[in-house]
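So the structure is just underneath, and the comments pick up after that.
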Amino acid sequence: ETTLMDSLKEKHRVTWASGDYPAVADRLVTELAETAVRAADLGPGRSVLDVACGSGNATLPAARTGAQVTGLDLTPELLHEARRRADAAGVELELVEGDAERLPFADGRFDRVLSVVGVQFAPRHEAAAAELARVCRPGGLIVLCNWTPEGFIGRFFKTMSPYLPAPPSFASPPPRWGDEAHVRELFSGTGVALDFERRTTDFRHDSASSFVDFMATSYGPLLKAREALDPQGRWEALREELVALADGLDQGGAGGLSVPSEYLVVTGRRG
């Protein structure tokens, strides 16, 4: 399993470095990051860890509250972009390359632990949840925003799934982190008391097809799927299914595409 795990992590790293995830996150994740930062009740004197921070969507707004913020991600290219943005904004934060399933921090090190559609992509959910709980101090808060299985991104992944090789047996599907019962199970025995709230954010684009094309060039998981399927002559079929999914959920009328995408806000207080 170790070599399988290492090659899966390397694949994840390459996937999230491909395309232009910062552009995707700016368009789709900004509102979720604001939700998480508000829910975490940040400010001067608080120490904060943002797990799977990407290009800094939650890390930078967290640091602007005056909190001491550390962002961790598996993908150095995304950390490089987060650093560039922090420097441009004159914001101080620490950035660490590392793995959500093996956080390089002491027990109880942080007052607040955040992850915005990040930790849900770590393959072993139990390991990642145990680590989030471990590095949060007693009385501290864990705040997560995760795409739900029923929401647009959950359905987006479900549509992609039959076209792709099955993941290894130890890897759980990312959208399960958006399911309350699954998250309760992950944190059972960790001493973390959980609250849940479902919210939606609107994805806006010119049209369903232009949205899917944007994702196919910018969003690592879809870009990699397209690269694999194109030579097999199967990409067009998946593209059509994704366009139909977006069209079917479109509430934008003549004003272009507007698709509500559901996410779960998880607030956990460590006992």
Side-chain angles (χ1 to χ4, degrees), residues 9 12-13 16-122 128-129 131-146 192 199 201 218 220 263 265-270:
K9 295 276 166 89
H12 278 204
R13 204 177 273 120
W16 293 107
S18 68
D20 187 355
Y21 183 70
V24 175
D26 288 346
R27 294 189 76 134
L28 309 187
V29 180
T30 300
E31 194 179 313
L32 281 67
E34 288 165 358
T35 298
V37 168
R38 269 198 310 275
D41 178 29
L42 303 180
R46 295 243 194 263
S47 59
V48 183
L49 174 64
D50 183 14
V51 177
C53 66
S55 45
N57 282 79
T59 332
L60 270 72
R64 283 195 195 97
T65 68
Q68 282 178 302
V69 180
T70 302
L72 172 131
D73 203 276
L74 196 62
T75 306
E77 291 86 345
L78 294 179
L79 291 172
H80 182 76
E81 174 60 14
R83 168 56 59 208
R84 191 193 66 73
R85 291 177 176 209
D87 291 348
V91 167
E92 282 206 23
L93 43 84
E94 187 186 359
L95 294 167
V96 176
E97 186 181 334
D99 184 344
E101 296 181 359
R102 270 199 313 273
L103 295 173
F105 306 108
D107 296 3
R109 161 79 176 75
F110 296 97
D111 300 317
R112 300 287 184 265
V113 180
L114 310 181
S115 190
V116 176
V117 297
V119 78
Q120 77 177 118
F121 290 95
E131 283 293 88
L132 294 176
R134 181 184 68 77
V135 301
C136 184
R137 73 160 169 79
L141 283 184
I142 297 168
V143 179
L144 314 173
C145 290
N146 300 322
V192 174
R199 300 180 70 131
T201 185
S218 305
Y263 63 99
V265 185
V266 180
T267 311
R269 188 170 287 280
R270 168 117 194 259

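Computation of the quantities below employed the complete heavy-atom set of this structure, encompassing side-chain atoms and omitting hydrogens, waters and symmetry-equivalent molecules. Position 1 is the first residue of the sequence; numbering continues from there. Small disclaimer: the values here were computed from a predicted structure and weren't measured.
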Partner residues of Glu131 under the side chain to side chain donor-acceptor pair (under 3.5 Å) criterion, sequence neighbours left out: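 Once residues adjacent in sequence are excluded, the partners of Glu131 under the side chain to side chain donor-acceptor pair (under 3.5 Å) criterion are Arg134.
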Non-neighbouring partners of Arg13 that pass side chain to side chain donor-acceptor pair (under 3.5 Å), sequence neighbours left out: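 Per chain and number, Arg13 pairs via side chain to side chain donor-acceptor pair (under 3.5 Å) with Glu10.
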Can you name the residues that form a salt bridge (charged side-chain N to carboxylate O under 4.0 Å, His left out) with [X], not counting sequence neighbours?
X: Arg137; answer: Asp111
X: Arg64; answer: none
X: Arg109; answer: none

Go through the structure and list residues passing side-chain contact (heavy atoms from CB on, under 4.5 Å) with [X], not counting sequence neighbours.
X: Thr201; result: Glu31, Leu32, Trp147, Phe203, Ser261, Tyr263
X: Arg85; result: Pro22, Asp26, Ser55, Leu60, Glu81
X: Arg27; result: His205, Phe214
X: Glu92; result: none

Would you give the length of the straight line joining atom [atom1] of [X] to atom [atom2] of [Y], rounded to the nearest 0.5 angstrom?
X: Leu93; Y: Thr70; atom1: CG; atom2: OG1; result: 8.5 Å
X: Leu74; Y: Lys9; atom1: CG; atom2: NZ; result: 7.0 Å
X: Cys136; Y: Arg269; atom1: SG; atom2: CZ; result: 9.0 Å

Minimum heavy-atom distance [X]-[Y], with the two atoms named:
X: Gly71; Y: Leu79; value: O-CD2, 4.4 Å
X: Gly268; Y: Val192; value: CA-CG1, 3.6 Å
X: Gly140; Y: Arg112; value: CA-NH1, 4.0 Å
X: Leu72; Y: Gly98; value: CD2-O, 3.6 Å
X: Ala62; Y: Val69; value: C-CG2, 3.7 Å
X: Val119; Y: Ala128; value: CG2-CB, 3.7 Å

Please answer whether the main-chain N or O of Val29 pairs with a side-chain N or O of Asn57 as donor and acceptor at a distance below 3.5 Å.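 Not confirmed, Asn57 side chain does not pair with Val29 backbone.
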Would you be so kind as to tabulate the donor-acceptor pairs closer than 3.5 Å made by side chains of residues 36-45, with sequence neighbours excluded?
unit_1	atom_1	unit_2	atom_2	d
Asp41	OD2	Arg46	NH2	3.2

Please lay out, stage by stage, how Asp73 and Glu97 fare under the test side chain to side chain contact (heavy atoms under 4.5 Å, CB included). CA-CA 5 Å; Asp73 203 276; Glu97 186 181 334; over 6 Å; no
Got a sec, which pairs hit ring-ring contact (aromatic ring centres under 6.0 Å, His included) with one end in residues 42-74, sequence neighbours left out?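 For residues 42-74, and leaving out neighbouring residues, there are no ring-ring contact (aromatic ring centres under 6.0 Å, His included) pairs at all.
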Name all pairs fulfilling the ring-ring contact (aromatic ring centres under 6.0 Å, His included) condition that reach into residues 62-107, sequence neighbours left out, sorted by first residue then second.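 Found Phe105-Phe110.
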Beyond-backbone contact of [X] with [Y], side-chain heavy atoms, under 4.5 angstrom:
X: Leu144; Y: Leu114; result: no
X: Val266; Y: Ile142; result: no
X: Cys53; Y: Leu95; result: yes

Run the side chain to side chain contact (heavy atoms under 4.5 Å, CB included) check on Val113 and Val143 step by step: do they pass? CA-CA 6 Å; Val113 180; Val143 179; over 6 Å; no
Set out, in order, the CA-CA distance, both residues' side-chain angles and the distance that settles side-chain hydrogen bond (donor to acceptor under 3.5 Å, both in side chains) for Asp50 and Thr59, then state yes or no. CA-CA 6 Å; Asp50 183 14; Thr59 332; 2.7 Å; yes
